[in-house]
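This report concerns only the one structure given below.
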Amino acid sequence: MTDEVKKEMLHQGHRARLRQRYLREGLEGFENHQVLEMLLFYAIPRQDTNQIAHLLLKRFGSFAAILEADPQDLATVPGMGEVAATFLSMIPPLTRYYLQDRVKRIKLPLDEAENSKSYVIPLMTGRTEEVFYVLCLDSSCRLLFPALISRGTVKEALIHPRHVVEATLRHKAANVILTHNHPSGNPTPSRADIHLTHLLQRVLIPIGIRVLDHLIVADGEAFSMAQEGILNIE
């Protein structure tokens with residue numbers, strides 16, 4: 001038996017043990033590098049992904065930063081390549097996709113701020129640029145569709161009222177919740193945020209669509225304009 005074959009068998013045995021540990025215990029007791037190396041099993045079938053995981057953490061500093069990194073930067077880490085970089089970069093949007101689909105499947109009404117927050121905080125997970133969504137709701141405040149209106153820089157997103165109106169009509173919304181993120185880390189609304197909210201209310205009210213809230217998300221927290229009494233009285 002050659003040294004290369006022995007090494008391959010050793011890697012396969014390690015992978016099997018790590019998978020079995022996950023199936024028994026979940027991820028709670030895993031270190032960051034162990035989670036990374038197990039993820040990479042499925043994109044890098046024949047290399048020592050433990051070493052690659054350590055290199056990734058050394059380069060980017062944290063598990064979250066790795067998943068939020070540009071795939072082109074990930075691909076430059078020794079042992080990675082385009083396929084593995086693409087795989088890791090898919091995890092945050094895949095998480096958001098799952099959570100959005102779950103809300104639609106269980107038909108959770110978003111008529112209270114806490115319910116809305118439980119949806120929009122994961123929706124913004126892992127985003128490094130500012131995005132603005134209009135959550136289109138039916139008459140019972142159940143989600144019809146999360147319409148992405150604008151994707152901006154880390155400083156601003158440009159919102160055109162016409163695009164908001166088009167999205168609400170296309171998805172037959174009776175109510176909407178506005179939401180965007182502040183990549184800076186502070187969810188407090190700016191004057192421009194408040195002005196935009198009132199503008200969109202004035203645009204949507206005449207066509208029979210209520211703005212229930214505007215939620216601003218940053219660092220896993222959400223500021224609700226409805227809870228703080230900032231929305232105009234309709």
Side-chain angles (χ1 to χ4, degrees), residues 26-36 39 53 56-74 85 87-104 108 110-135 137 143 146-159 164 176-198 200 211-231:
L27 291 177
E28 287 76 8
F30 278 57
E31 299 291 337
N32 284 343
H33 73 274
Q34 293 173 320
V35 177
L36 275 172
L39 284 172
L56 285 166
L57 287 165
K58 184 177 180 180
R59 170 79 67 87
F60 296 99
S62 71
F63 183 84
I66 292 167
L67 300 186
E68 294 168 4
D70 189 302
Q72 292 184 349
D73 293 331
L74 290 173
F87 177 75
L88 289 184
S89 72
M90 285 179 63
I91 293 172
L94 182 62
T95 301
R96 293 193 293 268
Y97 189 92
Y98 158 71
L99 291 167
Q100 291 172 42
D101 186 71
R102 184 173 182 273
V103 169
K104 287 188 286 187
L108 177 71
L110 303 183
D111 54 347
E112 297 182 4
E114 293 310 313
N115 286 350
S116 302
K117 289 179 182 180
S118 71
Y119 178 75
V120 301
I121 291 173
L123 180 65
M124 301 300 179
T125 298
R127 297 192 184 272
T128 57
E129 61 181 1
E130 189 166 319
V131 293
F132 188 99
Y133 276 84
V134 173
L135 305 185
L137 313 177
L143 183 67
L148 176 60
I149 303 300
S150 177
R151 187 191 304 272
T153 66
V154 295
K155 293 184 179 180
E156 64 180 4
L158 300 176
I159 312 302
V164 173
V176 298
I177 293 173
L178 313 174
T179 185
H180 75 283
N181 63 323
H182 282 178
S184 63
N186 183 357
T188 304
S190 65
R191 290 184 178 180
D193 293 333
I194 296 171
H195 173 75
L196 174 63
T197 304
H198 293 165
L200 292 177
V211 177
L212 302 182
D213 205 346
H214 187 166
L215 295 163
I216 301 173
V217 181
D219 281 350
E221 298 182 356
F223 182 101
S224 165
M225 290 194 187
Q227 284 185 320
E228 298 299 325
I230 295 175
L231 292 183

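For this chain, numbers begin at 1 and follow the sequence in order.
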query = Minimum heavy-atom separation for M124 to N181, with atom names?
reply = SD-CB, 3.8 Å
message = Can you give me the closest heavy-atom contact between P187 and F223, atom names plus distance?
response = O-CB, 3.4 Å
query = With side chains defined as the heavy atoms from C-beta onward, is the minimum distance between I177 and Y119 less than 4.5 Å?
reply = no
ask   = For residues 110-121, which residue pairs qualify under salt bridge (Lys or Arg N to Asp or Glu O under 4.0 Å), counting only residues two or more places apart or in two chains?
value = E114-K117
Test item: L178 and F132 side chains (from C-beta on) under 4.5 Å apart, heavy atoms = yes
query = Below 4.5 Å, heavy atoms only, C-beta onward: do Y98 and P122 meet side chain to side chain?
reply = no
Output a table of donor-acceptor pairs, distance under 3.5 Å, between side-chain atoms of residues 59-69 and any protein atom two or more places apart or on a different chain; print 'none' if there are none.
from	atom 1	to	atom 2	distance (Å)
R59	NH1	T76	OG1	3.1
S62	OG	A65	N	3.1

message = Given 3.5 Å as the limit, does a donor-acceptor pair link the side chain of H198 with the main chain of I230, or not?
response = yes
query = Listed by chain and number, what are the side chain to side chain donor-acceptor pair (under 3.5 Å) partners of S116, not counting sequence neighbours?
reply = none
task = Using the side chain to side chain contact (heavy atoms under 4.5 Å, CB included) rule, take L212 and L231 through it: C-alpha gap first, then chi angles, then the decisive distance, then the call.
result = CA-CA 8 Å; L212 302 182; L231 292 183; 5.9 Å; no
note = side-chain contact (heavy atoms from CB on, under 4.5 Å) with P189: of H180, M225, H195, only one passes, and it is M225
query = Does the side chain of L39 reach to within under 4.5 Å of the side chain of I91, using non-hydrogen atoms?
reply = yes
message = Distance alone, cut at 3.5 Å: any donor-acceptor contact between the side chains of T188 and N186?
response = yes
task = Check the pair I216, D193 against side chain to side chain contact (heavy atoms under 4.5 Å, CB included), reporting the backbone distance first and the verdict last.
result = CA-CA 9 Å; I216 301 173; D193 293 333; 3.7 Å; yes
inquiry  = Quick one, V217 and T179 - any side-chain contact, counting heavy atoms below 4.5 Å?
reply    = yes
Residue pair L135 / L123, side-chain heavy-atom distance below 4.5 Å = yes
